[in-house]
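This report concerns only the one structure given below.
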Amino acid sequence: MLDVTRVRADTPGYDSDPRMVFLDSAGSSLPPRAVVDTVVGHLRREAEIGGYRAAAERLDDLAAVKTAIGELLNAPPGSIALSDSATRSWTDFFYSVPLAAGDRILISESDYAGNAIAVLQRARATGARVERIPSDHSGQIDLDALAAMVDERVALVSVLHAPTNGGLVNPAAEATRIARSVGALVLLDACQSAGQIPIDVVELDVDALSVTGRKWLRGPRGTGFLYVRPELARTMSPQRLDLHSAAWTGPDEFELAPDATRFEFWECDVAARLGLGAAVRYLLDLGPEEVYAAIAARAEHLRKELPQIPGVTVRDLGIRHSGIVSFTVDGVDSVSVRDRLAADDITVTVSHAGSTLLDMTSRGLDSVVRASPHCFVEFDELDRFLAAVAAL
Ligand SMILES: Cc1ncc(COP(=O)(O)O)c(C=O)c1O
């Protein structure tokens, strides 16, 4: 069982504002003290001795960032490429997948705008076709429809693990099995699942997976990572290279890095990367399963209680749920809900139709309010939030 008191004591945000109700870990969460101290400490060190010497002092800790991520995902450190966001990681992989006219790219109804725009751009440039995997009656990926759609022209299937709103967790392992049966690559957007839902890339069997640092992992902003299946990490040719992803070996020669490092550039925010490592290590020490159980219990409490409030509709889909609870309030637009709750020191966000266009337009929604409690939120805070929604 998770020691919530300890987790809160480890969260400096509560030192400055013990009364706040923080429900935005799907946006950008509150980092643990270890993360803040690591980042600030490294920035101070850079100011003292310069960035190169400061990084040289932390070479082991920098290597340990990938080891920790590998432990979290059940992947070797060499299959991890560090980046500055989930979208950077997703697009680094996607733009490196060879595509030809007539190839098919499948995206899910709840796919994220950043991914979908990249898919549309490449389809225009290459003549590949973009097709939508329908959702089933519950709102998750329709596995039967997917099985009927796939053939050897499918180059890539984009699977959204936990969409940015809508509360569902897609059956990623099952979808991957279907896609891989015809030799298609599977790119899993785990931006909203890593850090809340335990992930095992061997069980999921995906080819690549993208994650951001600032959300459920509670890392610094401007961090993220890509997992690439080790065989692909040794053979794929990334779209862009530098002197870290490759070595200039002769006047006309270069050699790619032997692993997923080939998807990284040399320059990076070292403090933020060390902070990401501290965040992942903190999560591993707490226990990803315990954290998941705590998040799920809090989200279910909200899903049960919100519909009891007159005029409030929970807009979540799917069979298995994530820690993201989406809702609307009759007669009060989502932005006003967010702003009025903020006046009560309650943080939620608004998710607009543009971020999950296919899903939101098919449901006739232009925005939803998103409440995403991490494991450190107390149940009485959830009740304060519910009372504030009722008072709207
Ligand atoms: C499902 C999903 N994928 C991708 C992203 C993009 O993440 P980033 O802003 O780190 O690129 C988000 C951000 O909200 C998201 O919710």
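Start at 1 and go down the list; that is how both ligands and their atoms are numbered. One is the number of the first residue; the rest follow in order along the sequence. None of these values were measured; they are calculated from a predicted model.
When the side chains of ILVMFWY residues are joined at heavy-atom separations under 4.5 Å, either directly or via intervening members, I133 and L160 end up in two distinct hydrophobic clusters. The hydrophobic cluster containing L232 does not contain L82, counting ILVMFWY residues as joined when their side-chain heavy atoms lie under 4.5 angstrom apart, directly or transitively.
Of the candidates T223, T212, V211, the one placing a heavy atom closest to atom 10 (O) of ligand 1 is T212.
Given atom 3 (N) of ligand 1, the protein heavy atom at minimum distance is D189 OD2, 2.7 Å.
Taking every non-hydrogen atom of T164 and a distance limit under 4.0 Å, the qualifying atoms of ligand 1 come out as 1 (C), 14 (O), 15 (C), 16 (O). Contact atoms of ligand 1 toward R214: 8 (P), 9 (O), 10 (O) (distance under 4.0 Å to a heavy atom of the residue).
A side chain to side chain donor-acceptor pair (under 3.5 Å) with S367 is found for exactly one of S334, S355, S351, namely S334.
Considering both main-chain and side-chain atoms, A86 comes within under 3.5 Å of ligand 1 through a nitrogen or oxygen pair. Checked against a 3.5 angstrom limit, the closest N/O atoms of T87 and ligand 1 fall inside it. On a distance-only criterion, K215 and ligand 1 share at least one N/O pair closer than 3.5 Å.
The backbone N or O of D380 sits nowhere less than 3.5 Å from a side-chain atom of R384 that would complete a donor-acceptor pair.
Contact between R88 and ligand 1 is absent, with no heavy atom of the residue lying under 4.0 Å from the ligand.
Relative to the six-membered ring of F376, R8 misses at least one condition, a distance below 6.0 Å or an angle of at most 45° to the axis.
Ring geometry for H374 versus W216: interplanar angle of 30 to 60°, hence tilted.
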